[in-house]
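Small disclaimer: the values here were computed from a predicted structure and weren't measured. In each ligand, atom 1 is the first atom listed, and ligand 1 is the first ligand listed.
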Amino acid sequence: MRIFVESGIVTLTFLLASCAPKIEEVRPIVSIAEDSHSYARPGDARVLAIELDLSVDFEKKVLSGSVTHTIEGKGKIILDTKDLKISGVGASIDGQAYKPTAYKLGATDKILGSPLEITLPEGTKFIKVAYDTSPSSVALQWLSPKQTAGKISPYLYSQGEPIYTRSWIPLQDSPSIRITYKARIRTQPNFFAVMSATNDQRTAAPTGDYSFTMSQAVPPYLIALAVGEIQFRTIGGRTGVYTEKAMLDASAREFSDLDAMVSAAERLFGTYRWERYDVLVAPPGFPIGGMENPRLTFATPTIITGDKSLVSLIAHELAHSWSGNLVTNATWSDFWLNEGFTVYVERRIQEELFGKQRSEMEFAIEIAELKAEMATLPEKDQLLYVDLKGRDPEEGVTLVPYIKGALMLRAIEEEIGREKFDAFIRAYFDHFAFQSITTATFEAYLKAQVPELKLDVKEWIYKPGMPASTPKINSLLLNAVDEELGNWKKNKPVNTRDWLAQQWLHFLRGLPADLNASQMAKLDADYQFTKSKNSEILDVWLMLAIRHKYAPAQAALETFLGSVGRQKFIKPLYQELAKTADGKVRAKALFSKNKENYHPIAASLIETLLAK
Ligand SMILES: [Zn+2]
């Protein structure tokens, strides 16, 4: 099986893109042939739409049923699969009568899974694949009742990005292949199922049998499903929150600004094109911050703080409604097109809602984090366009595509002025709406739209490190914290009045490396860090508590590791524990107690680091 398909189409894309003087000629000429993370060959045959019919079996931890593909092409079609049990494939000309057709499941690659090659008899327009998922499907997390907030019923959710959708649906799993989808999901009568599609059963009683339609073409990684004792609460005219009953009130309060957020984003970047914007607050084991599943962002419950201090995560996921979901990276090497644009848009939404000081502060914090991470990355991973051939696309998920990407856009904004840049970015979203594009296509479009640009875009995209043209972000709010840190170090009074969560984080990170027991105790007595309800603040404090062996916070550490599954928090905490011999013994004991609460991907990362 050819995994890394070389093709003339790649060359053609670059040729056309680089000699394109006018916008009209810069079409997103994208071919799956460029995507080394999919077996599909859409040049031969491609999927246009899928229709799922699946039953959810919580006992066996499998989804079983079928997927019907509407296809274009002839000869044979290749789908991506991972850990799927295929029980039959049928082909049809009219979508009514299906005849069994030959298929072959190829050898398994650890990262990519197995290609499913299906013979297409003459005239085939539809294929139906009958299959079961495996309990170890990397996209599906099956939670036991005790892993949920409600503790009574099990729960299931999917996470498709980057290349996990193939472990619950056999399909052409490349972000360059956009498809529409329909689904029928059957589960227990008292459970709700929700998807990144129309969720019409918002107000009706549960029936256990649900239908969904996503009529806008999306890349496969954005197909998402959650099933459990989920309830809904309306927030505004086109927004609402889905979550377990135990978290419904707090979630609705935290997200009360959701409608205002969507409107702010629209004022900046044009019409919101996905009709509704709802948020699913996932159970505690959710491994990531948020996932921008269209119409229905999945979010970690760790952002429910009671003071809205962490809702910028929602601004980020909402921003993806333009950057990522509307205009999508064609391959995972172009991931910065999704994330760099999204961080830039997120900062702008935040500025619109909470003012420039707050958005600049968050940007400054992220830039410091980027610089720290970059110092640990090999040069090849410091580029915006990362070569991921033969690698797991997860390896490209660093702060580089996110923050360096956003900084490049900020540099363009500073050079040409905000008014012109805003016009550019709106035109970009319109021009490439519902398409998947490469970095080369972006470059050509930028060149055509802003021919006077002096910024060395190639340096930003293809060279390691931070370019000399990196914008300087000066945060007055952080400068104020730095001043108070100086006072703290000199034992002078410290003024923390009206500090925002991010200022507290900056304060904690700026404390001296050699804190002693009485300093830790005084900090805790003065500011109640061990009791913090803010997961970000508590996380940084617990890191200090491990480092400085601060005994009074150890119980809080164990509770945190037992109740939170967000990888960003738990992995560094285990890592910090493992730095000493006795800490490592404790880390292993805590991990074996908690690992079933964690997402399999997070758990395997921690397992690996504890095994070192
Ligand atoms: Zn994102």
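A perpendicular orientation is assigned to the rings of Tyr272 and Tyr277, their planes being inclined by more than 60° (bins at 30° and 60°). Between Tyr428 and Tyr445, the angle of the ring planes lies from 30° to 60°, which puts this pair in the tilted group.
When each of Arg348, Arg347, Arg410 is checked for a salt bridge (Lys or Arg N to Asp or Glu O under 4.0 Å) with Glu360, only Arg410 meets the rule.
For the residue pair Asp35/Thr331, the side-chain donor-acceptor check at 3.5 Å is not satisfied.
Interatomic distance, Leu500 CG to Leu505 CG, rounded to the nearest 0.5 Å: 10.5 Å.
The Zn ion (ligand 1) has His316 NE2, His320 NE2, Glu339 OE1, Glu339 OE2 as its protein N, O or S neighbours under 2.8 Å.
Close placement of the Phe421 and Tyr344 rings is indicated, their centers lying within 6.0 Å of each other.
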